[in-house]
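Okay, so here's the structure we're looking at.
A note on names: the letters A, B, ... follow the listed sequences, proteins ahead of strands, and every chain is numbered from 1. As the structure is a prediction and not an experimental result, all values here were calculated from the model.
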Number of protein chains: 2
Amino acid sequence: MKTKQDTLYVGSLAKGLRLLRAFDEAHTELSLTELAQRSDLDKSATQRLANTLHIEGMLEKDPDTRRFRPSHAWLQMAYAYYWSDPLVGQAMPKLIDLSQDLGETVNLTELSGDHIVYVSRLPCKRTYFAATVIGRRLPALSTSAGRAMLATFPEPDRNAAVESWPIKRFTPSTTTDRDKIRGSIARAARDGFAISTGQMILNEIGVATPIIGHDGRAYAAVQCSVSAHTWTRETIIRDILPKLQDTANAISPSFQGHRGSARPDH
Amino acid sequence: MKTKQDTLYVGSLAKGLRLLRAFDEAHTELSLTELAQRSDLDKSATQRLANTLHIEGMLEKDPDTRRFRPSHAWLQMAYAYYWSDPLVGQAMPKLIDLSQDLGETVNLTELSGDHIVYVSRLPCKRTYFAATVIGRRLPALSTSAGRAMLATFPEPDRNAAVESWPIKRFTPSTTTDRDKIRGSIARAARDGFAISTGQMILNEIGVATPIIGHDGRAYAAVQCSVSAHTWTRETIIRDILPKLQDTANAISPSFQGHRGSARPDH
DNA sequence: ACGCATGTATCATATTATAATACACGACAT
DNA sequence: ATGTCGTGTATTATAATATGATACATGCGT
């Protein structure tokens, strides 16, 4: 759009990234023309860029169907990420203990702009695979983890987020009323944890506790997803919450600072 | 091997990818000059490309230290990968059951050229975090999973691999003798599973069973890593192996075909 | 056999990325 | 203070590079 502005901006690289972003849960393998459509590039550009990505091992190409797919290199990216994120190394052993102790699925999530990202996931009970895979992004306001984190922010920031951050309706019971969300976050600020019901999946309850950073704010949270068939708000608070909080608290002190999410603001 | 390759090769994109590849377990955050050195690009190119990657959200930049790091987008790549890999969706529920049943760490690995890649990982016991993170690549010949897969290949292919594929010494007890490896694979071909001891980490035993594809070959394996302090070859074969095999067999029939790993051969 | 959609290859053109340069800032040493 | 070094940043003129229109090839359906 405004590629013109900067001589420090390499358009070809950016276009190549657009090809990569064309793949998601609904588009797992793409033909050349689909790729072109989804990344809004003309056929020639797509051809050249996709070919380059293929040669460089970022895209696999089925010799028969001629369709492209993410390669194993995409997993290596996650590998590199894990090492680069100081929180992951600190948290993993404790999260493993927690999941063994609880016998329920435990997740580590981080704030990423106005979304949360599932950074690590320890599935225990059989659960919807789809629900939370590593790397999934969800609107922070619609998740227990996001609310637990936001609850640690000063009130002005909190309110600004509640007003402007995106919300997406996943189930009929997803909360879209921002006032209710504000209330939920206020309660989380008071209690130190957040619980949400059926926001993403029906009959799914999420409970999250914040991992507080050096500045008193949380940019990460420990989250636990359980079935509403076997758990209630009360039993969760009684049996899960204490251990969840212990884990989050055990991670917090050993974790100082958070990854600057600054974007260029030219 | 310069641009002369083709007019279908976009050098700028390839260079950008080299920047991404500069990050690994030993290089978790890089300054501009480090980035330039590691990707073998001059300062100007690095500046432009890194800036582009930053603007596009692929690299975070610490405003103070000016150093770059992988962003959350790197996790999203793994997310997209998971959806694109037909094996993952099939295997996950069964792997979860298995890990719950065994109470030991279970991994799903795939063959990627002459390496194996950890595609999914379900940690149970506290274990070295470093050992196996998602996305890690290891020389196939040095791993139980790699040998279990190779064992399903016709003998000529097997031998060619044993001769030419790379080996890396990780511990004093890593097997570097290719004849011994050939023997290990031959045994795996006979038994239908592979066991290796102390290849990656001392006092660590790996056992793997192949996930057989449509052509009788395995491009994936279910693997289990346990401590030599609590397990022996015999107890593993008695208590772990049957369940491991059941799981691999349960995945195999529902999984037809494998992702073509064809590279361009111009 | 035909049209249509898709993947592939080619090539002249100028848009685009390039790499040399100069500037700014902080660290450290004398 | 004053110097040098190592950085990160910004600005150019230059031509090399990516571009996209085009033509060719291939398969699929009717």
Side-chain angles (χ1 to χ4, degrees), chain A residues 1-20 22-23 27-56 58-69 260 262-266, chain B residues 1-20 22-23 27-56 58-69 260 262-266:
Chain A
M1 32 182 168
K2 41 197 227 159
T3 39
K4 206 60 194 296
Q5 62 169 176
D6 239 331
T7 129
L8 294 179
Y9 186 82
V10 180
S12 315
L13 175 53
K15 287 179 190 168
L17 298 176
R18 288 165 72 183
L19 287 197
L20 301 183
F23 294 89
H27 305 88
T28 60
E29 58 168 42
L30 297 171
S31 69
L32 191 64
T33 40
E34 289 167 338
L35 211 40
Q37 288 164 353
R38 280 188 56 77
S39 42
D40 200 35
L41 296 169
D42 60 58
K43 197 166 77 166
S44 293
T46 310
Q47 182 190 184
R48 268 176 287 118
L49 296 166
N51 185 260
T52 305
L53 290 170
H54 181 217
I55 290 173
E56 292 299 323
M58 290 300 294
L59 287 180
E60 303 235 353
K61 186 173 186 178
D62 186 309
D64 300 325
T65 68
R66 268 107 220 255
R67 313 189 104 222
F68 294 95
R69 288 185 179 182
R263 282 290 196 87
D265 42 51
H266 313 312
Chain B
M1 77 183 229
K2 260 336 238 187
T3 30
K4 52 179 56 107
Q5 293 194 308
D6 253 308
T7 116
L8 295 180
Y9 185 81
V10 180
S12 315
L13 175 53
K15 288 179 189 167
L17 298 177
R18 289 164 72 183
L19 288 197
L20 301 182
F23 294 89
H27 305 88
T28 59
E29 58 168 41
L30 296 170
S31 68
L32 190 64
T33 40
E34 288 167 339
L35 211 40
Q37 289 164 356
R38 279 189 57 77
S39 41
D40 200 34
L41 296 169
D42 60 58
K43 198 166 77 165
S44 293
T46 310
Q47 180 190 187
R48 268 175 288 118
L49 296 166
N51 185 261
T52 305
L53 290 170
H54 181 216
I55 291 174
E56 292 300 321
M58 290 300 293
L59 287 180
E60 304 237 351
K61 186 174 186 177
D62 186 309
D64 300 325
T65 68
R66 275 107 223 243
R67 312 190 103 221
F68 294 96
R69 288 183 178 183
R263 282 291 194 87
D265 42 50
H266 313 314

**Q.** OP1 or OP2 of C/dT16 under 4.0 Å from side-chain N/O of B/Ser12
**A.** no
Q | Rounded distance (Å) that lies between atom P of C/dC25 and atom CG of B/Asp64 | A | 16 Å
(Q) Is there a side-chain contact between B/Thr33 and B/Thr46 in this structure, where contact means two heavy atoms from C-beta onward sitting under 4.5 Å apart? (A) no
Q | Nucleotide nearest A/Lys61 (side chain, heavy atoms from C-beta), chosen from C/dT8, C/dG7, D/dG8 | A | C/dT8
Q) Under 4.5 Å between any side-chain heavy atoms of A/Leu53 and A/Phe68, yes or no? A) no
Q: Specify the residues of residues 33-50 of chain B, ordered by number, for which at least one heavy atom lies under 4.0 angstrom from an atom of DNA chain D.
A: B/Thr33, B/Lys43, B/Gln47
Q.
Can you tell whether the side chains of B/Arg69 and B/Glu60 come within less than 4.0 Å, N to carboxylate O?
A. no
Q: Kindly compute the distance separating OG1 (B/Thr52) from CE (B/Met58), expressed to the nearest 0.5 Å.
A: 12.5 Å
Q) Among C/dA17, C/dT8, C/dT10, which nucleotide sits nearest the side chain of B/Thr7? A) C/dT10
(Q) From the set C/dT8, D/dT11, C/dT18, return the single nucleotide nearest to any side-chain atom of A/Arg66. (A) C/dT8
Q: Measure the distance from CG on A/Asn51 to C1' on C/dG7 and round it to the nearest whole Å.
A: 12 Å
Q: For B/Leu8 and for A/Arg67, locate the closest nucleotide of DNA chain C by heavy-atom distance; then report the residue assigned to the nucleotide nearer the 5' terminus.
A: A/Arg67
Q. Given side chains that start at C-beta, do those of B/Leu19 and B/Leu30 come closer than 4.5 Å, heavy atoms only?
A. no
Q) Roughly how many Å is it from CD1 in B/Ile55 to C1' in D/dT9, rounded to a whole number? A) 13 Å
Q.
With a 4.5 Å cut-off on side-chain heavy atoms, are A/His27 and A/Arg38 touching?
A. yes
Q. Per the end-axis method with five pairs at each terminus, what is the bend angle of the helix from C/dT16-D/dA15 to C/dT30-D/dA1, to 10°?
A. 0°
Q.
What is the separation between atom CG on B/Leu32 and atom C1' on C/dC25, rounded to the nearest whole Å?
A. 15 Å
Q: State, with a plain yes or no, whether a side-chain heavy atom of A/Leu49 is found less than 4.5 Å away from one of A/Leu35.
A: no
